[in-house]
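Structure first, commentary second.
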Amino acid sequence: MTTSANRPVLAPSPRPRPRLLSRALLLRFVSMIGAMVSFFLLLSVVPAFAAEAGGGGAAGIATGSLMLATVLGELATPRLVDRYGYRVTLMAGLFLMGAPALVLTVSSHVAWIAAVCLLRGLGFALTIVAGGALTATLIPPERRGEGLAVVGLVSGVPSLIALPLGLWLAGHAGYGVTAVTGGVAALVTTVSVLGLPDHERPTTPAGGAGRDAPSGSGTGAGRPVRDERPLGVVRGLGTGALLRPVLVFGATATAAGILVTFLPLAVGRASSGVVPVALFVQPAAATVTRWLAGRLGDRHGSARLVLPGLLLSAAGVLVTAATGVPAAVIGGTALFGAGFGVAQNATLALMYARVPASSYGTVSALWNLAYDGGMGVGAAGFGVLAGLTGYPWAFAATAGLMLGALVPALRDRRR
């Protein structure tokens, strides 16, 4: 006879990991791909169309209008999401990206092109902020880092393909066909949004603040924002738990804008074949490390990865300063890409983990503002600096300036 004292004690079976690729997330990928194809297919085509009509100044007006509307739209979108919900805001964004593109070539007047770009920029802001916030609600908190990495891959591949495809299509089929193709890409995916859940006013905190979030260091969330009322953008910038990751990611995004804009000029014609390789290696390395950072962050905490991401990025820019050495240029951009991928995933996952789901729109807006603003400021400031010091010293100075973000990174790590 076996007594209870002699019975073996069975260890509890490990909790199975939640499914990552749900039906809702796969459906969300449809509208995500449509938005990316529409945006990047026309990103270089519209300035070229404007330049044919009004010269280089018209091309600058087209791009400037697009980015201005994007930044302003990112500031306003969290309030729109709070009032109208994710689905309505996302569908409005896809419509504003698609419909104006259909009539782009009705007139070649600069004012008309600028108006189209303003509407498309606003639409793009709505799709990336509202869509990003909605996507975050579809990813299990225990696998947020890995899920965001997959999302980055799904959105990144269409952009890499659509950018050169747009120029090729415009050259072979004309601007009209390219514009219609870009418009239709956004409009046809609007229907898919109807099948997505709509969390207009979520009340259950997510990530570090909710019951369903993993305990311990799984998210590395630090001190979450407990207030479940939606955070506005201004209030979010005044919250240290969000501002510190924003500053760190903004520093790495600044260097990303510099490399994309000035590397071809810094390397020169003698080694011009190095530039395509370097600009391919950089996003490829970022894609790999973004996924790895997601896996590691889910297990050990995203907060631990922010500082390494910053240091790798700065080191990559410093190595790239040897612009006359092809191996240094390729190796430096690869190193920067690796750090940038880590910083992308770690900062975004950390910010989502620190707020309730009702503030996901604000997180998405702040992160994208750091991305777009950092790239824009970096490119503008570097041009002035390089004119004074030359490209190698300007790259070295950029790496040094990036290390200024060590202050918020170290402070966040201590907290």
Side-chain angles (χ1 to χ4, degrees), residues 22-36 38-39 69-100 119-141 144 147-148 151 154-155 186-207 209-213 224-236 239 242 348 351-369:
S22 62
R23 177 186 176 277
L25 186 58
L26 291 173
L27 195 60
R28 167 68 186 115
F29 287 164
V30 176
S31 57
M32 186 184 303
I33 292 172
M36 292 299 105
S38 178
F39 182 80
T70 299
V71 171
L72 294 177
E74 288 169 350
L75 291 170
T77 303
R79 288 187 176 273
L80 296 176
V81 169
D82 181 47
R83 182 168 183 176
Y84 299 107
Y86 294 133
R87 280 195 310 223
V88 170
T89 309
L90 179 55
M91 292 178 71
L94 290 168
F95 177 81
L96 287 173
M97 289 185 68
L119 291 174
R120 281 177 50 81
L122 175 59
F124 185 63
L126 295 178
T127 60
I128 60 174
V129 174
L134 174 58
T135 304
T137 69
L138 304 177
I139 299 173
R144 179 178 285 115
L148 291 175
V151 169
V154 171
S155 63
L187 292 175
V188 297
T189 58
T190 305
V191 180
S192 67
V193 180
L194 296 173
L196 294 173
D198 193 17
H199 307 274
E200 294 190 22
R201 296 181 182 275
T203 57
T204 303
R211 290 184 300 173
D212 296 332
V225 179
R226 297 285 180 179
D227 190 350
E228 296 180 14
R229 293 173 299 174
L231 284 170
V233 173
V234 175
R235 186 179 168 207
T239 304
L242 298 181
L348 185 57
M351 291 168 69
Y352 277 132
R354 287 178 170 176
V355 298
S358 57
S359 296
Y360 279 4
T362 296
V363 166
S364 182
L366 291 176
W367 192 84
N368 281 289
L369 281 170

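Residue Ser359 holds its OG atom at 14.0 Å from CZ of Arg354, rounded to the nearest 0.5 Å. Here Leu122 contributes atom CG and Leu96 contributes atom CG; the two are 5.5 Å apart, rounded to the nearest 0.5 Å. To the nearest 0.5 Å, atoms CG (Leu75) and OG1 (Thr70) are separated by 11.0 Å. Summarising the geometry, atom CG belonging to Leu134 is positioned 9.5 Å from atom CG belonging to Leu25; distances are rounded to the nearest 0.5 Å. Summarising the geometry, atom CG belonging to Leu90 is positioned 5.0 Å from atom OG belonging to Ser31; distances are rounded to the nearest 0.5 Å.
Remark: the backbone N or O of Gly361 is not paired with any side-chain donor or acceptor of Ser364 at under 3.5 angstrom. No side-chain donor-acceptor contact under 3.5 Å links Ser38 to the backbone of Gly34.
Pairs engaging residues 126-136 under the side chain to side chain donor-acceptor pair (under 3.5 Å) rule: Arg28-Thr135 [sequence neighbours left out].
For the pair Met97 and Arg120, the tightest heavy-atom approach, listed with the atom from each and the gap, is O-NH1, 2.6 Å.
Applying the side chain to side chain contact (heavy atoms under 4.5 Å, CB included) test to Leu80 and every residue at least two apart in sequence or in another chain returns Tyr84, Thr89, Leu126.
Side-chain contact check for Leu242 versus Val355: some heavy-atom pair is nearer than 4.5 Å. By the 4.5 Å heavy-atom criterion applied to side chains, Glu74 and Ile128 are counted as neighbours.
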Validation: residues 190-197 side-chain donor-acceptor distances under 3.5 Å, sequence neighbours left out:
{"residue": "Thr190", "atom": "OG1", "partner": "Ala186", "partner atom": "O", "Å": "3.3"}
{"residue": "Thr190", "atom": "OG1", "partner": "Leu187", "partner atom": "O", "Å": "3.0"}
{"residue": "Ser192", "atom": "OG", "partner": "Thr189", "partner atom": "O", "Å": "2.6"}

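Between Tyr352 and Tyr360, the ring-plane angle classifies as perpendicular under the 30° and 60° cut-offs.
With a 6.0 Å radius and a threshold of 12 heavy atoms from other residues, nucleotides or ligands, Phe95 has its CZ atom at or below the threshold.
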